[in-house]
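None of the values given here were measured: they were computed from a predicted structure.
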Amino acid sequence: MKCIFFSICLFLVWGCSSTISEHIITYEGVKNADRKWAQKEFVLSTFRAVPSSAAPLYSFDPSALQYYPQAISTLKAANFNYIETAWDASQATLAILKECDKLGGMNVLAQDMSFLGSLPNSVAIPFHRDSLEKFLRIYGAYKSLKSVYIWDEPLAEQNSIVRESIDELEVQRPDLLGFTVLFPSYHPLYRWEDYTVMKYDEYVDKFIQEVNPAVLCTDYYAFGNNPTPSEFYRSLFWKDMGLFRNRAAKHNIPHWFYYQATNEARLLSPGQIMVQAWAAVMYGVKGLSSYTALGSVVGPKGEKEYLFEVTRKINSQLMNLGNTLLNLKSTAVYHAESIIPDIYASQIEKSDYITALPEHISVGEFRDSENNVYMLILNKDFNSAHTFSIPLKDTFRIYKCDKDNKGKQSIIHDATDKLPLELEAGEGTLIRIERATDEPKYISYIII
């Protein structure tokens, strides 16, 4: 039976009965065109997922295995769809895979450094084809295995090992993602300034050129010293994110990001969690990982922790928007504050839609595969909600993309030259914008 791409629904706009078409866009997910693996869902993952999963840095505690079912159930309730086993002992990875197979709906990004990869700044394990074959013999039969954690933060001279490992994985299991995350720019070898080996953008470019990854992923943990919003705005977080947005678009590679949930001294606030997640989405990421859910979302016996509810809410909203977000390509980012060190951001004067931005607000502009225009509007102030109005350059129709109802679109302004909004501390919202003279339509996205 043929798919029906257009249907008609009735909608009441400003008290008048209007007929508005519903347009369905189907697509096959996102991918690096040079790689076989394709992304079919927005990834919501966590590093350090379950109690005492114990990296090789620590001794593995078999007694913790009794808490894995509850911990993984709690993570699923928080709307994570991936669990990572980076640094974990083999017993932990096997137990996680078995439980995720049993539970369903949870995928695993698995690592076993007996065969592949390395800790940051440690001695690399040379690539051997039989090592990957052994890895797959042990873990490859589990349905929840969707990705192999090839490397956590490789040095530039380790790129060739990363590339060989990913290439061989695509030969043996093209359905699995070969995953690697890069250092952030505060690593002393690869800083923007005062670096000891090479400038940070050169490190990233070298990795892209030599590895050609299926996914381009980084992390940046900006809340170690509990900054004020103003101090956060000055963080090189924004410069790193701008670089990765630029390179992901240039090379047409999906961009993922790790945000910070804990540091050594304290948990972060809900607003700090929200601002990192929504800022990353504003920069066009297709996957988010929490560092870490253990101790912030899930406790030592698998119980809910302090940040469970805000994480559940964000993950649910991104899951609802996921099909839309995967279809969007970032075309610009704008900031209200000149102190933000994002050298890849655009000046607001270059926008075709926005005249100016109020304090604390940043905006990402996007286009979908059919050139429809979207905006992700972010309140960067993680301590306070803000009510504001964004002046527009013409009269536009504004659609809300409902992050609490599967991204369903509805008209919130049929013809307006300003966009009034209220956003919680750290919150983002996704809208679609079109000329008020255009024929209205609702758009939904289906991944096939």
Side-chain angles (χ1 to χ4, degrees), residues 30-39 43 45 47 55-57 82-90 92-94 96-97 107-142 144-184 187 189-190 203-219 244 247-248 251 253-258 286-287 289:
V30 294
K31 62 174 294 186
N32 176 346
D34 297 330
R35 289 290 183 187
K36 296 177 183 177
W37 178 86
Q39 182 176 352
V43 168
S45 184
F47 191 103
L57 294 174
Y82 269 78
I83 291 176
E84 302 167 27
T85 71
W87 306 5
D88 281 349
S90 179
T93 295
L94 284 168
I96 290 169
L97 283 162
N107 303 312
V108 180
L109 202 168
Q111 186 182 52
D112 187 334
M113 287 188 295
S114 302
F115 307 111
L116 292 169
S118 180
L119 293 167
N121 301 316
S122 65
V123 177
I125 300 173
F127 169 74
H128 293 291
R129 185 173 289 104
D130 60 346
S131 293
L132 179 58
E133 290 172 353
K134 290 176 182 176
F135 179 97
L136 293 173
R137 279 201 299 271
I138 295 171
Y139 304 111
Y142 291 96
S144 55
L145 179 68
K146 301 298 183 184
S147 179
V148 178
Y149 209 121
I150 300 294
W151 215 284
D152 182 18
E153 298 181 334
L155 299 170
E157 60 265 28
Q158 295 165 341
N159 286 346
S160 62
I161 307 175
V162 176
R163 176 63 183 259
E164 286 181 300
S165 300
I166 295 174
D167 286 350
E168 184 60 28
L169 178 64
E170 285 203 337
V171 170
Q172 296 193 35
R173 285 289 301 271
D175 58 309
L176 299 180
L177 166 67
F179 176 79
T180 301
V181 57
L182 296 182
F183 284 112
H187 191 281
L189 298 181
Y190 310 118
Y203 163 71
V204 174
D205 288 338
K206 182 177 176 67
F207 176 82
I208 295 171
Q209 179 182 359
E210 295 179 355
V211 175
N212 188 26
V215 164
L216 186 59
C217 186
T218 188
D219 53 32
F244 275 79
R247 297 307 194 263
H251 298 282
I253 304 174
H255 175 198
W256 293 5
F257 178 71
Y258 280 84
K286 310 304 183 188
S289 180

For the [atom1] atom of [X] and the [atom2] atom of [Y], what is their distance to the nearest 0.5 Å?
| X | Y | atom1 | atom2 | answer |
| --- | --- | --- | --- | --- |
| Q172 | D167 | CD | CG | 12.0 Å |
| Q111 | W87 | CD | CH2 | 9.5 Å |
| I161 | W151 | CD1 | CH2 | 4.5 Å |
| Y82 | L109 | OH | CG | 7.0 Å |
| L176 | L145 | CG | CG | 5.0 Å |
| T218 | F207 | OG1 | CZ | 10.0 Å |

query: Do the charged groups of E168 and R129 touch, with an N to O distance under 4.0 Å?
result: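 Salt bridge present between E168 and R129.
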
task: May I ask you to say whether R163 pairs ionically with E210, meaning some side-chain N is under 4.0 Å from a carboxylate O?
output: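 A salt bridge is absent here (no side-chain N lies under 4.0 Å from a carboxylate O).
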
Got [X] and [Y] here, is their nearest side-chain heavy-atom distance under 4.5 Å?
| X | Y | answer |
| --- | --- | --- |
| F244 | F257 | no |
| T93 | D112 | no |
| L216 | P254 | no |
| P184 | E153 | yes |
| F115 | I138 | yes |
| L97 | T85 | no |
| L189 | F183 | no |
| V204 | Y190 | no |

If I compare all heavy atoms of [X] with all of [Y], which pair ends up nearest, and what's the gap?
| X | Y | answer |
| --- | --- | --- |
| P174 | K36 | CB-CD, 3.8 Å |
| A214 | I253 | O-CG2, 3.6 Å |
| A248 | H255 | CB-CB, 3.8 Å |
| G178 | I166 | O-CD1, 3.8 Å |
| L132 | S165 | CD2-O, 4.2 Å |
| P154 | V162 | CB-CG2, 4.0 Å |

query: Any sub-3.5 Å donor-acceptor pair from R173's side-chain atoms to L136's backbone N or O?
result: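 Absent.
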
field: Derivation of the side chain to side chain contact (heavy atoms under 4.5 Å, CB included) call for S45 and Y258
entry: CA-CA 9 Å; S45 184; Y258 280 84; over 6 Å; no

message: Within a 6.0 Å radius of atom CD on E157, are there more than 12 heavy atoms belonging to other residues, nucleotides or ligands?
response: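 Yes, because the 6.0 Å sphere around CD of E157 holds more than 12 heavy atoms from other groups.
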
message: V211 vs T180, test: side chain to side chain contact (heavy atoms under 4.5 Å, CB included). Steps then yes/no.
response: CA-CA 10 Å; V211 175; T180 301; 5.9 Å; no

Side chain to side chain contact (heavy atoms under 4.5 Å, CB included) between L94 and Y139, intermediate numbers included: CA-CA 7 Å; L94 284 168; Y139 304 111; 3.6 Å; yes

- request: Could you walk me through whether S289 and W256 pass the side chain to side chain contact (heavy atoms under 4.5 Å, CB included) test, one step at a time?
  value: CA-CA 8 Å; S289 180; W256 293 5; over 6 Å; no

